Amino acid sequence: DAGITQSPRHKVTETGTPVTLRCHQTENHRYMYWYRQDPGHGLRLIHYSYGVKDTDKGEVSDGYSVSRSKTEDFLLTLESATSSQTSVYFCAIGGTVTYNEQFFGPGTRLTVL
Amino acid sequence: DAKTTQPTSMDCAEGRAANLPCNHSTISGNEYVYWYRQIHSQGPQYIIHGLKNNETNEMASLIITEDRKSSTLILPHATLRDTAVYYCIGTGSARQLTFGSGTQLTVLP
């Protein structure tokens with residue numbers, strides 16, 4: 001398995017509180033991604049990074065920010081969590097053959113009450 | 001990205017070949033066809049991808065029609081552990097993967 005870890009794996013928080021999810025890789029991949037998965041919507045891209053300090057928005061970026069200060073870590077922040085952000089969040093890293101050969105982490109289940 | 005169409009669900013007997021179809025009639029010449037699967041509650045897993053030629057790896061085979069409007073993922077000897085949602089994705093983007101609803105494959109004992 002690709003060396004990807006996500007923390008925390010589960011989190012329950014209240015509406016209006018800030019939340020940061022961490023994705024850590026040991027593969028030295030340039031590309032990293034954050035997705036969310038909800039029933040009826042499949043996986044949707046939130047943000048991605050193509051290098052240290054280089055990030056761009058995905059399909060559902062509103063309400064989320066990201067940071068990447070070093071190659072191995074990609075942080076996803078919900079500045080003020082809302083109930084609509086209750087979801088399972090997956091981090092992924094790009095493959096070595098093509099950028100679309102992505103390897104996914106185990107996921108973080110976030111519940112916003 | 002190309003729009004893809006897959007059956008909602010399929011069953012397959014354990015030990016038999018599982019053939020999962022995908023239509024991608026709008027795929028453009030530089031877009032690859034990717035297959036991923038997601039076993040319940042786990043992160044998606046890359047399976048295989050191709051452009052024009054048929055491809056095979058240790059997990060599966062990918063058959064792409066000559067006109068590239070459809071493809072079939074073949075799991076040669078399905079096991080219970082192959083029960084998962086299988087996603088067919090057509091993309092030429094260097095950074096985007098657009099997941100649809102996929103096909104729920106259930107391997108029956």
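This is a predicted model, so every value here is computed, not measured. Because only heavy atoms are used, hydrogens play no part in the values below, and waters and symmetry mates are left out as well, while side chains stay in. Quick note on labels: first sequence line is chain A, next is B, and so on, each numbered from 1.
No chain of hydrophobic side-chain contacts below 4.5 Å, direct or via other Ile, Leu, Val, Met, Phe, Trp or Tyr residues, connects B:Ile48 to B:Ile74. Under the 4.5 Å side-chain heavy-atom criterion for grouping Ile, Leu, Val, Met, Phe, Trp and Tyr, B:Ile63 is not connected to B:Leu75 through any hydrophobic cluster.
B:Tyr36 meets the ring-ring contact (aromatic ring centres under 6.0 Å, His included) test with B:Tyr46, B:Phe99; sequence neighbours excluded.
Counting heavy atoms from C-beta on, the side chains of A:Leu43 and B:Gln38 come closer than 4.5 Å.
Only the side chain of A:Gln37 has a heavy atom closer than 4.5 Å to any heavy atom of chain B.
Rounding to the nearest 0.5 Å places CG of B:Leu97 at 12.0 Å from OH of A:Tyr48. For the atom pair OG1 of B:Thr98 and CD of A:Glu59, the computed distance is 6.5 Å after rounding to the nearest 0.5 Å. Once rounded to the nearest 0.5 Å, the distance linking CD1 of B:Ile89 with CD of A:Gln102 reads 8.5 Å.
Screening residues 9-80 of chain B for disulfide bond (SG atoms under 2.5 Å apart), with sequence neighbours left out, gives B:Cys22-B:Cys88.
Applying the 6.0 Å contact sphere to CD of B:Gln42 captures more than 12 heavy atoms from other residues, nucleotides or ligands.
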